[in-house]
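Remarks on the structure that follows.
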Protein chains: 2
Amino acid sequence: MHVPAENDIIELMRDHEITPTQQRLEIAQILFTKPQHLSADQVLAMVNQDSALVSKATVYNTLKLFANKGLVKEVIVDPAKVFYDSTTTPHYHFYNVDTGTLTDIEVREMPVGNLPDLPEGTEAEGIDVIIRVRSSSHTT
Amino acid sequence: MHVPAENDIIELMRDHEITPTQQRLEIAQILFTKPQHLSADQVLAMVNQDSALVSKATVYNTLKLFANKGLVKEVIVDPAKVFYDSTTTPHYHFYNVDTGTLTDIEVREMPVGNLPDLPEGTEAEGIDVIIRVRSSSHTT
DNA sequence: ACTTGGCCTAGACAGAGTCTAAGTGTTCGG
DNA sequence: CCGAACACTTAGACTCTGTCTAGGCCAAGT
Ligand SMILES: [Mn+2]
Ligand SMILES: [Mn+2]
Ligand SMILES: [Zn+2]
Ligand SMILES: [Zn+2]
């Protein structure tokens with residue numbers, strides 16, 4: 001299962017209670033061709049590179065919808081923009097602050113201890129682990 | 001050593017190769033009264049609540065300067081704004097996505113495994129661990 | 001046909017953060 | 001002292017990501 005067929009994507013969306021529309025399909029096709037980390041702006045550019053298919057508002061709305069329904073995961077590492085991760089299984093990230101590149105870390109490569117006691121009246125939603133790196137031989 | 005005296009702060013700044021100016025002192029006084037996580041906007045409001053002492057540009061410039069010199073640490077958990085942490089010793093964070101509140105986690109409360117192999121040509125700069133929580137009894 | 005409801009869209013808008021160009025000290029050489 | 005050099009500060013314009021608004025479109029149901 002590499003580049004998923006349109007039918008697979010429609011089924012995936014139905015599984016997650018998302019009505020499949022033409023625009024959502026265009027966006028999903030781009031996201032789910034491979035594991036990747038894309039900003040909304042990148043998705044907007046990619047989806048419209050041949051012809052204008054999807055508006056800016058719909059790209060933002062759709063990515064947020066996908067995130068809420070668990071189809072993609074938001075990754076917040078850059079104060080300037082959100083990345084959307086097409087891989088939703090638990091994993092962590094390297095973030096190269098020089099290049100802006102995200103790289104996945106398998107959980108087994110970096111075990112993290114159990115959750116500490118949560119603050120009163122809260123429940124856990126997820127753990128983000130980000131290892132910030134910079135490109136070597138920096139004139140620091 | 002609670003509310004640090006002006007002289008302590010000047011020495012701290014000199015130690016970090018920061019020329020102490022009136023505006024930088026105003027900002028430092030607010031930051032270092034206690035361990036806390038403040039956005040630039042909050043610092044701007046606090047520093048000017050009595051009389052207009054420091055401009056917006058200087059607040060942003062100063063916080064970035066302090067971060068570069070290691071006086072404060074940037075915490076990136078919210079796509080809308082950066083938090084500045086007056087505690088620079090290693091620790092992790094809870095982030096309540098409902099209230100926007102950051103809470104510290106001591107490293108000993110949540111041991112994290114050794115660093116995995118870094119991507120080619122990079123060196124580590126730091127590890128961020130964020131446990132996202134939401135306030136209980138949510139109508140999800 | 002008409003209504004309803006979900007979806008899409010252009011473009012206005014909001015808010016965090018940056019930049020620019022001018023002003024204000026402060027230091028330092030003569 | 002005096003003037004040049006330099007670092008710092010500032011108002012306000014500007015940029016950029018993301019949100020909102022108000023109307024248009026379309027498919028389904030009656
Ligand atoms: Mn799923
Ligand atoms: Mn230090
Ligand atoms: Zn990832
Ligand atoms: Zn902290």
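Letters A, B, ... are given to chains in the order of the sequence lines, protein chains preceding strands, and every chain is numbered from 1. As the structure is a computational prediction, the values presented were derived from the model and not from experiment. Because only heavy atoms are used, hydrogens play no part in the values below, and waters and symmetry mates are left out as well, while side chains stay in.
- Distance alone, capped at 3.5 Å, places no donor-acceptor pair between the B:Arg24 side chain and the B:Phe66 backbone.
- Rounded to an integer number of Å, the gap from CG of A:Leu44 to P of C:dG11 is 14 Å.
- With DNA chain D read from its 5' end, the first of the two nearest nucleotides for B:Ser55 and A:Ser39 is the one closest to B:Ser55.
- Boundaries of the chain A contact region on DNA chain D are D:dT17 to D:dC20, first to last in 5' to 3' order (nucleotide atom under 4.0 Å from a heavy atom).
- Between the side chain of A:His16 and the backbone N or O of A:Lys69, at least one donor-acceptor pair lies under 3.5 Å.
- Within 6.0 Å of CD on A:Glu11 lie no more than 12 heavy atoms contributed by other residues, nucleotides or ligands.
- The separation between B:Gln42 atom CD and C:dG15 atom P is 15 Å, rounded to whole Å.
- Taking side-chain N and O atoms only, B:Lys64 has a distance below 4.0 Å to OP1 or OP2 of C:dT18.
- Hydrophobic clustering of Ile, Leu, Val, Met, Phe, Trp and Tyr side chains at less than 4.5 Å, counting indirect connections, unites B:Val97 with A:Val75.
- Between the C1' atom of C:dC8 and the CG atom of A:Leu65 lies a distance of 13 Å, rounded to the nearest Å.
- Summarising the geometry, the separation between CG on B:Asn61 and P on C:dT18 is reported as 8 Å, rounded to the nearest angstrom.
- Rounded to whole angstrom, the span from the OH atom of A:Tyr60 across to the P atom of C:dA10 amounts to 15 Å.
- Judged purely by atom type and a 3.5 angstrom limit, A:Arg134 has no side-chain atom pairing as donor or acceptor with the backbone of B:Glu125.
- Among the protein residues, A:Thr58 comes within range of the nucleic acid bases, having at least one heavy atom under 4.0 Å from a base atom.
- At least one donor-acceptor pair under 3.5 Å links the side chain of A:Ser86 to the backbone N or O of A:Lys34.
- When heavy atoms are screened at a 4.0 angstrom cut-off, A:Leu53 is found touching the sugar-phosphate backbone but no base atom.
- None of A:Gln36, A:Lys73, A:His91 except one satisfies the side chain to side chain donor-acceptor pair (under 3.5 Å) rule with A:Asp85; the exception is A:His91.
- Looking at heavy-atom distances under 4.0 Å, B:Ala57 makes contact with a base.
- Phosphate proximity of C:dT9 to A:Gln23: present, with a side-chain N or O under 4.0 Å from OP1 or OP2.
- Using a 4.0 Å heavy-atom criterion, one finds that B:Thr19 contacts the sugar-phosphate atoms exclusively.
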